[in-house]
Every structure is written in structure tokens, then in C-alpha cells.
Amino acid sequence: MSKTSIAFFEITNAEKKYLKKKFDKNFELFFYEEELNEINSHLVSNVNVISPFIYSNINSKVLDKAKKLKLIATRSTGFNHIDIKKAEKIKVSVANVPYYGENTVAEHTFALILALSRNIHKAYVRTTRNDFALQGLQGFDLKGKTLGVIGAGSIGVHVIRIAKGFGMKVIAFDPNPNHILTDMLDFNYVSLEKLLKNSDIISMHCPYNQHTHHLLNMSNINIVKKGALFINTARSGVIEPQALYYAIDNNIFSGAGLDVFEGEDLVKEENQMLTKNVSVEHLEVLLKRNILLRRENVILTPHMAFDSVEAVERIMDTTVENIFNFLEEKDYHKVI
Ligand code: NAI
């Protein structure tokens, strides 16, 4: 019997070690640190399964090269890095990892909120310089403050639960309300306008799609309660960049904690920018990001909200399960 060959992309050493233990000699495994894209698509010409993370670009041209491919098992919830229509057309199945880090992303959300509310980032920088003065470091309590959650789904609900532990009031905007949750967790659904007007902290947890593209924008940014904190661990496109910069510049947002931000994908390429042709638009985005980085009331993290030991283990477990179940014709987390 021929071996099933699996190519894993964007793999760390720890993940490689873990995966090697899970597959026996009936499998031929290939591990690549790099992303899969058109340039290295020859790497998948003979494999039966591809397992990428979100930075691979599995487009039609890559899929054309993968003549023996049966399954793409992405190690992520999102699958917009895969040409699903093309995969369907050439009868390649796609599996994903729908749940792995609701609490993980919610905990990171609070890491950003607390860093800003208690000026932890500023204190850290100062004390590394042997400056232990309290001046300018006074924070504010979360107890009694109003948290506005935009998108009360899996992650948003965990955020609400944690907020309740701090004694916060919570309001949420979600076009698909779940009223059992409001009783259980003691929060209210409100309109987007009411949420923006009344929240001391606004936290984004909706998906990014055509309905949420620039959900916060130059037309509604001025109704935000003056001095609110803005936290975004969802996707950068849910707020219009101009509105974000305007709100920070004009103290509409007294602070921002951003795990996702305009141009985050460019950051990876930045080291090669001196030798590459870079568009003016890209340079502008990078310049703005660098200005944001210099603001004391802005914290950027590199899209790491999902990245805890436990969440990554859950991603790996589900991916392995998806591959075995697909091969054994059992149920798996099927996208198509
Ligand atoms: P989910 O699908 O469980 O919840 C999303 C919620 O948003 C749903 O309740 C939905 O009804 C609501 N929603 C849909 N359209 C909306 C709109 N127009 N306005 C307000 N709410 C709307 O998704 P989950 O698992 O909670 O994830 C939320 C988002 O978090 C993901 O779409 C993803 O972009 C982001 N995420 C970020 C990670 C990171 O590492 N920074 C990791 C994982 C997810």
C-alpha cells in the first residue's frame, strides 16, 4: 500500500516534533517553515494532504500544481487563504479548526485592556530605565465601567464573562442576539449607536466581511464616548483607518490596544523593503503604523491573540483528527 504524503507549511520545530509522534510509518511527512504560494508550489506536486496556516496563499495556480491532492487541512478557523471554489471544482476537500481559542483571544483582549487601564506598558519601559516615579502612571478601575462588545459570538461571550468578573457593566451589539445569554451573563443588546455613545471600552469581536467592513468609520466615530478605550483583536478592516487615526489624534479614543492593524501583513516584508519595489501606498501604511507605535497610549501586538500553548495544542490536535477522520471517511470539520 502506498504511503499517504502530507506537507505541513509554516511549521515551527515544536509543532514538527508533535506531528512526528502522531503519524506512523504509513505516512510520509514533509515540513516547511515557509508559507506555500505560487513560487514554491512544486513542493506539493506529489502530496495527498496539505496543511497550511493563514499566511500561505493556496490559489488556483498552486492547486493546479497539486495533482495528487485530496485534502487541505488548514490549521486555522479562517480559510480565505484558500481558493475554495477551485478546490471544490477539482474535488479537493478542505478542513478547518472551528474552535480552539475563544478564551485565549478573550484573555489577550483583557491583557490589552489592563495594560492600557493601568499603564503597565509605560511603567515597564520606565522601570527598565531605573525610573520608579509614579507620575503619569495613574490608571482607572474597570469595576463599574461599561464595556461595549461588538460581536457577541464565541470570543465576545468569553470577553463578557471576564468583564463580569471585574464588576463591569456590559452592552453588546450583534445582529444575531441570543437572549438566553443576556439572562445568564447579565448584559444587554443595544444598537451600534447606543454602544458607541455609552461604552468606556469598545472591543471588536465580529467577523470581517462586507457588512463589517469599516463598521466604525468617519461618519460614526464622533458619537463615540469621548476618551473611550478601543480594543481590536478581530480584523483591522472593521474600523476605517482614517477614523482610527482621527479618534486617537483627537482623544476620542484615549487609548487603543490593537492585535490587528492596517498593514500587519506588510510587517513581515519590511526587512526586504530596501531592495524591493514598494508602492507609495505601502510606505504610507508603514509610516502611519510607525507613528502609532510611538504613541504612549497605543499598544500594538503582532496578531498573537490566538497564540497560547493550549490553543496551539488544540489547533494541532484538531488538525491531526481532521486528517485521520478524512482518510477513514469519518466526520471531520469540513469546509467543503
Ligand atoms: P463567532 O462567529 O463565534 O462570533 C462572531 C459574532 O459576530 C457572531 O455572534 C455574529 O452574529 C457577530 N456579527 C456578525 N456580523 C456582525 C456585525 N455586522 N456587527 C456586529 N456583530 C456581528 O466568531 P469568533 O470565534 O467569536 O471570532 C470573532 C473574530 O475574531 C473572527 O472572525 C476573527 O476575525 C477574530 N479572531 C482573531 C484572532 C486573533 O488572533 N487576533 C483569533 C481568532 C479569531
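In listed order, ligands and their atoms are each counted from 1.
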Inset, instruction - Could you name each residue pair satisfying side chain to side chain donor-acceptor pair (under 3.5 Å) that touches residues 42-51, not counting sequence neighbours? - result: S5-N48, N46-K68, S51-R75
Inset, instruction - Say whether Y246 and N222, considering side chains only, have a donor N or O and an acceptor N or O under 3.5 Å apart. - result: yes
Atom pairs, nitrogen or oxygen, ligand 1 to protein, under 3.5 angstrom:
residue  : atom   : partner : partner atom : Å
ligand 1 : 3 (O)  : S154    : N            : 2.9
ligand 1 : 3 (O)  : S154    : OG           : 2.8
ligand 1 : 9 (O)  : G153    : N            : 3.4
ligand 1 : 9 (O)  : D174    : OD2          : 2.6
ligand 1 : 11 (O) : D174    : OD1          : 2.7
ligand 1 : 11 (O) : D174    : OD2          : 3.4
ligand 1 : 11 (O) : N176    : ND2          : 2.7
ligand 1 : 26 (O) : S154    : N            : 3.3
ligand 1 : 26 (O) : I155    : N            : 2.8
ligand 1 : 34 (O) : R235    : NH1          : 3.4
ligand 1 : 40 (O) : F306    : N            : 3.1
ligand 1 : 41 (N) : T233    : O            : 3.0
ligand 1 : 41 (N) : D259    : OD2          : 3.0

Inset, instruction - Taking E15 for its side chain and T12 for its backbone only, find out whether a donor-acceptor pair lies under 3.5 Å. - result: yes
Inset, instruction - With sequence neighbours left out, write down each residue that passes side chain to side chain contact (heavy atoms under 4.5 Å, CB included) with D141, or none if nothing qualifies. - result: none
Inset, instruction - Could I get the full list of side chain to side chain contact (heavy atoms under 4.5 Å, CB included) partners for P98, not counting sequence neighbours? - result: N96, H333
Inset, instruction - Compare all side-chain heavy atoms of L216 with those of V238 and state whether any distance is below 4.5 angstrom. - result: no
